[in-house]
Amino acid sequence: MIGLLAIIIGVLVATGTYLILKKTAFKVALGMVLYGQAANVLIITMGGVKTGAPPILLGEDGIVYTDPLVQALILTAIVIGFGVTSFLLVLVYRAYQAHDSDNVDLFEGADDK
Amino acid sequence: MTSNLVVYPILIPLVAAIIQLFFAKNTYVQRALGVISSALVLVVVVYLYQLVRIEGIQVYEMGNWYAPFGIVIVADLLACFMLFLSALASLAMSAYSLADIDKDREKFFHFPLFQLLLMGINGAFLTGDIFNLFVMYEVMLMASYVLLSHGSEARQLRGSLHYVMINLFGSTFFLFGVGLLYGITGTLNMADIAVAVQTADPETQSMLTAISMMFFVVFGVKTALVPLFFWMPDAYPQPPVATAAMFAAIMTKVGVYSITRTFTLMFPGDEFTLTVIKVVAVSSMLIGVLGAIAQTNFRRLLAFHSVSQVGFMVLGVGFFTPMGLAGSIYFVMHHSMIKSSLFLCSGIAERLTGNRDIKKMGGIIEGHPFYSALFLVAAFSLAGLPPFSGFFAKLILLFAGAESQEYIYIAAILVGGFLTLFSMVKIWQLAYWGKREPKFNTVNVGSFVWGIIILVGMSIVLAIMVQPVYDMVHEAAEQLLDPSQYIEAVLTKGSQ
């Protein structure tokens with residue numbers, strides 16, 4: 001299970017990196033989204049993946065329990081990521097409207113020294 | 001020691017922002033509230049500093065969940081200094097933006113956003129929990145994204161798009177780092193992480209070093225260290241000057257603060273990390289200033305200088321001696337006052353000449369001698385000429401370098417300082433001296449200079465009171481180099 005998750009993280013980061021290196025603002029934004037997902041999967045993996053264990057410690061010795069903290073962490077990270085991504089998408093769209101292009105090289109001010 | 005006072009620097013701007021939102025139509029109330037909130041934070045911070053000096057590090061346990069289970073808000077001496085700077089800068093910037101911000105931006109919540117930015121910054125200085133640091137960074141960044149793209153002029157959009165993307169990338173990296181660190185140490189409380197790192201076995205030590213470098217990259221993005229600085233010269237020239245000045249004064253310092261905290265508390269004194277930090281610092285110092293020399297756009301030039309000056313501060317952390325850290329803190333104080341006043345000066349020059357290129361300015365001193373003198377003081381101070389604060393800041397760093405016999409870094413400091421002087425003189429000659437351009441706009445400079453007077457005045461105080469201030473920052477540096485104080489204050493259960 002951990003191995004599968006590691007592969008998923010790797011694929012997400014690789015795809016994200018590919019998209020971030022593009023010159024189209026919208027694709028870069030999508031790359032950022034993939035990066036965010038990879039980070040979330042990584043955090044939940046770091047908490048240790050267990051099947052069928054409750055997220056609370058019942059006070060008995062030796063009982064397996066799922067770490068609830070990582071879930072709280074990614075919940076926060078997802079909410080923040082969602083907000084920032086929506087802002088980023090609006091910004092990309094606004095830039096597209098202003099320049100009639102999605103290519104960052106054609107934006108006004110790109111040739112500033 | 002527990003004290004509720006520690007939370008106020010976060011709460012006051014939040015409450016101010018909420019009240020400001022109730023007066024969405026009434027910008028006068030918003031302006032007044034902005035100034036009042038900054039002044040209140042300033043008062044609280046001075047009182048808090050006294051408290052920390054007398055009673056030791058102050059800790060507030062959120063919701064009464066004691067560390068390492070709950071989130072703690074911690075104020076030590078360094079945090080107090082940084083809070084003082086953020087309050088001072090926001091006060092000066094509020095004073096400046098009274099005249100600077102245009103009607104449209106005012107109507108669309110410039111002032112509440114500014115308070116939220118302040119809340120995020122103060123939160124980042126105070127938090128004792130690494131994930132909470134991430135959250136506070138996001139609060140701060142979210143406000144800064146909006147402030148930077150506020151008004152969305154076509155040119156502004158490119159810079160802010162660049163800024164949002166690089167910071168989003170940095171935040172994701174931050175999450176990776178936090179996740180890995182949690183996987184190894186099993187805790188998010190910074191003091192508890194410090195304990196876990198101290199007792200880690202040698203095998204995980206290399207993994208921890210790798211994670212610490214991830215954090216260095218993250219904070220390097222926010223601070224604009226070489227090679228992660230390219231967003232900064234694009235982002236700073238576009239927004240209103242008060243916003244750019246606030247970013248230059250405090251936002252980059254949040255990164256410096258986080259680097260200081262990370263490498264004194266959580267990952268202290270690793271030989272390899274310190275070398276990396278010093279090399280990166282020196283290359284920022286030199287590459288930044290060389291970039292600045294090539295610029296003629298006033299604000300781009302200043303932005304490149306920020307890259308260079310941040311190098312000095314981080315170099316102080318890299319020395320990892322009481323004197324080096326004291327120099328770093330003193331430099332942070334000096335720079336946040338001087339760089340923001342230079343940005344404010346550039347704003348007035350832009351208004352007067354209607355131009356951003358210093359080649360097309362000229363003769364500002366004619367008719368505006370007082371304002372030009374303020375610029376000259378700030379410029380010489382940035383360049384490190386005696387008797388201004390920049391001189392003492394560099395002097396402390398030079399002594400620290402000599403103390404640890406790092407002569408190459410001393411040479412770099414001197415070269416960096418000299419080149420800074422060169423580019424400051426360039427601005428002075430092209431924009432302030434020379435023949436007066438005939439097409440000057442009439443600007444009521446008097447309504448703008450108040451913010452600059454506060455900042456330059458404070459930097460002069462910093463220079464005159466150099467010995468007492470040095471003793472204060474030295475005390476803070478010693479506290480940083482003895483992490484057991486911080487750890488003990490945080491982890492003593494129910495420390496009330």
Side-chain angles (χ1 to χ4, degrees), chain A residues 2 9 12-13 16-17 20 25-26 28-29 31-48 67 69-70 72-74 76-81 83-100 102 104-113, chain B residues 68-69 130-132 134-139 141-142 145-146 148-149 151-188 233-235 237-238 291 294-297 299-301 356-357:
Chain A
I2 297 250
I9 296 167
L12 283 173
V13 171
T17 311
I20 281 176
F26 182 65
V28 180
M32 292 297 178
V33 174
L34 289 181
Y35 256 53
Q37 296 308 323
N40 292 341
V41 179
L42 177 99
I43 290 180
I44 207 146
T45 316
M46 285 325 261
D67 191 346
L69 187 65
V70 285
L73 295 188
I74 62 162
T76 317
I78 288 172
V79 172
I80 292 174
V84 178
T85 308
S86 47
F87 179 78
L88 180 61
L89 288 176
V90 171
L91 199 62
V92 169
Y93 182 62
R94 189 70 192 75
Y96 169 72
Q97 274 185 328
H99 301 103
D100 229 1
D102 200 16
V104 282
D105 277 352
L106 300 176
F107 283 2
E108 203 176 319
D111 49 356
D112 275 7
K113 275 200 293 293
Chain B
F69 303 108
I130 190 89
F131 193 76
N132 196 234
F134 166 77
V135 174
M136 284 306 180
Y137 259 94
E138 288 307 309
V139 171
L141 288 172
M142 201 65 209
Y145 296 157
V146 184
L148 201 62
S149 52
S152 32
E153 295 152 19
R155 299 178 68 82
Q156 206 179 340
L157 286 170
R158 181 175 179 275
S160 39
L161 203 57
H162 204 153
Y163 175 78
V164 174
M165 283 178 174
I166 186 88
N167 272 304
L168 199 51
F169 178 77
S171 303
T172 317
F173 236 70
F174 202 160
L175 272 183
F176 277 121
V178 169
L180 291 171
L181 195 57
Y182 180 69
I184 290 177
T185 60
T187 176
L188 291 168
D234 272 342
Q238 309 306 344
Q295 302 301 319
T296 54
N297 179 318
R299 280 206 245 166
R300 270 182 95 81
L301 197 159
R356 287 182 172 178
D357 194 333

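Side-chain atoms are counted along with the backbone in the values below, which use heavy atoms only and exclude waters and symmetry mates. Note that the coordinates shown come from a computational prediction; the quantities given were computed from them, not determined experimentally. Residue numbering restarts at 1 for every chain, and letters A, B, ... go by the order of the sequence lines.
Heavy atoms closer than 4.5 Å to chain B are found in the side chain of A/Ile20, but not in its backbone. Both the backbone and the side chain of A/Leu91 come within contact range of chain B, judged by heavy atoms closer than 4.5 Å. For B/Ser149, the part lying under 4.5 angstrom from a heavy atom of chain A is the side chain only. Heavy-atom distances place the side chain of B/Met142, and not its backbone, under 4.5 Å from chain A. Proximity to chain A (any heavy atom under 4.5 Å) is restricted, for B/Tyr182, to the side chain, taken from C-beta onward. Both the backbone and the side chain of B/Val146 come within less than 4.5 Å of a heavy atom in chain A. Proximity to chain B is absent for every atom of A/Val79, based on heavy atoms less than 4.5 angstrom apart. Heavy atoms of B/Leu188 lying under 4.5 Å from chain A belong exclusively to its side chain. Looking at B/Tyr145, both its backbone and its side chain come within 4.5 Å of chain A, counting heavy atoms on both sides.
To the nearest 0.5 Å, the span separating OG1 on B/Thr185 from CE on A/Met46 amounts to 9.5 Å. B/Arg158 contributes atom CZ, which lies 10.5 Å from atom CG of A/Leu106 (distance to the nearest 0.5 angstrom).
Among the candidates B/Leu157, B/Val139, B/Leu141, B/Val178, the residue making the largest number of heavy-atom pairs closer than 4.5 Å to chain A is B/Leu157. Highest contact tally toward chain B, considering only A/Asn40, A/Thr45, A/Asp67, A/Ile74, is held by A/Asp67 [criterion: heavy-atom pairs under 4.5 Å]. For the options A/Gly16, A/Gly83, A/Ala38, A/Ala39, heavy-atom pairs under 4.5 Å to chain B are most numerous at A/Ala39. Comparing A/Val70, A/Leu73, A/Leu88, A/Ile9 by how many heavy-atom pairs each has under 4.5 Å with chain B, the most go to A/Leu73.
Shown here are the side-chain contact (heavy atoms from CB on, under 4.5 Å) partners of A/Ile80, two or more places apart in sequence or in another chain: A/Thr76, A/Val84, B/Phe134, B/Val135, B/Glu138.
Residue-environment remark: OH (A/Tyr96) stays at or below the threshold of 12 foreign heavy atoms within 6.0 Å.
Nearest heavy-atom pair, B/Thr172 versus A/Gly36, reported as atom, atom and distance to 0.1 Å: CG2-N, 3.9 Å. Here the shortest heavy-atom pairing between B/Phe176 and A/Tyr35 reads CZ-O, 4.3 Å.
Using a 4.5 Å heavy-atom threshold, the side chains of A/Ile43 and B/Leu175 count as touching. Side-chain contact between A/Val92 and B/Met165: present, with at least one pair of heavy atoms (C-beta onward) separated by less than 4.5 Å.
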